[in-house]
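Below is one structure, written out as structure tokens; comments come after it.
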Amino acid sequence: MTKLEQKTARLTVLIDPAKKRAFESLCAAQDVTPSQVVRKLIREYLHQHGVTWTPQPDEDREENS
């Protein structure tokens, strides 16, 4: 299992407003956030294509430890 990911970057995706509403509604019905679903999809896509990655530490958190 990989380490817990830290919020370090933002990804902006432009989609049709109706598709966004449908996606957000489905996520709410499944008690997950849209961000959780997108992060999972990205991890699965990377895995499918044999791309390995390591989460970067949250530098601010390490400095405050």
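Residue numbers start at 1 and run along the sequence shown. Keep in mind the model is a prediction, meaning the values are calculated, not measured.
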Determine, using the 4.5 Å side-chain heavy-atom cutoff (strictly less than), whether Tyr45 and Trp53 are members of one ILVMFWY cluster.
->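 No, no single cluster joins them.
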Are more than 12 heavy atoms from other residues, nucleotides or ligands located less than 6.0 Å from atom CG of Asp31?
->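 No - once you tally the heavy atoms of other residues, nucleotides and ligands closer than 6.0 Å, there are 12 at most.
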What is the distance from atom CG of Leu11 to atom CZ of Arg39, rounded to the nearest 0.5 Å?
->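 It comes to 11.5 Å.
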Got a second to check how far Ile42's CD1 is from His47's NE2, nearest 0.5 Å?
-> 15.5 Å
What are the two closest heavy atoms between Cys27 and Pro34, and how far apart are they?
-> SG-CA, 3.8 Å
Can you find a heavy atom in the side chain of Phe23 that is under 4.5 Å from one in the side chain of Val37?
-> yes
Between Gln36 (side chain) and Thr33 (backbone), is there a donor-acceptor pair under 3.5 Å?
-> yes
Who are the side-chain contact (heavy atoms from CB on, under 4.5 Å) partners of Leu26, not counting sequence neighbours?
->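 Leu26 satisfies side-chain contact (heavy atoms from CB on, under 4.5 Å) with Gln30 only.
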Write out all pairs satisfying side-chain hydrogen bond (donor to acceptor under 3.5 Å, both in side chains) with one or both partners inside residues 17-29, taking only residues at least two apart or from two chains.
-> Lys20-Glu24
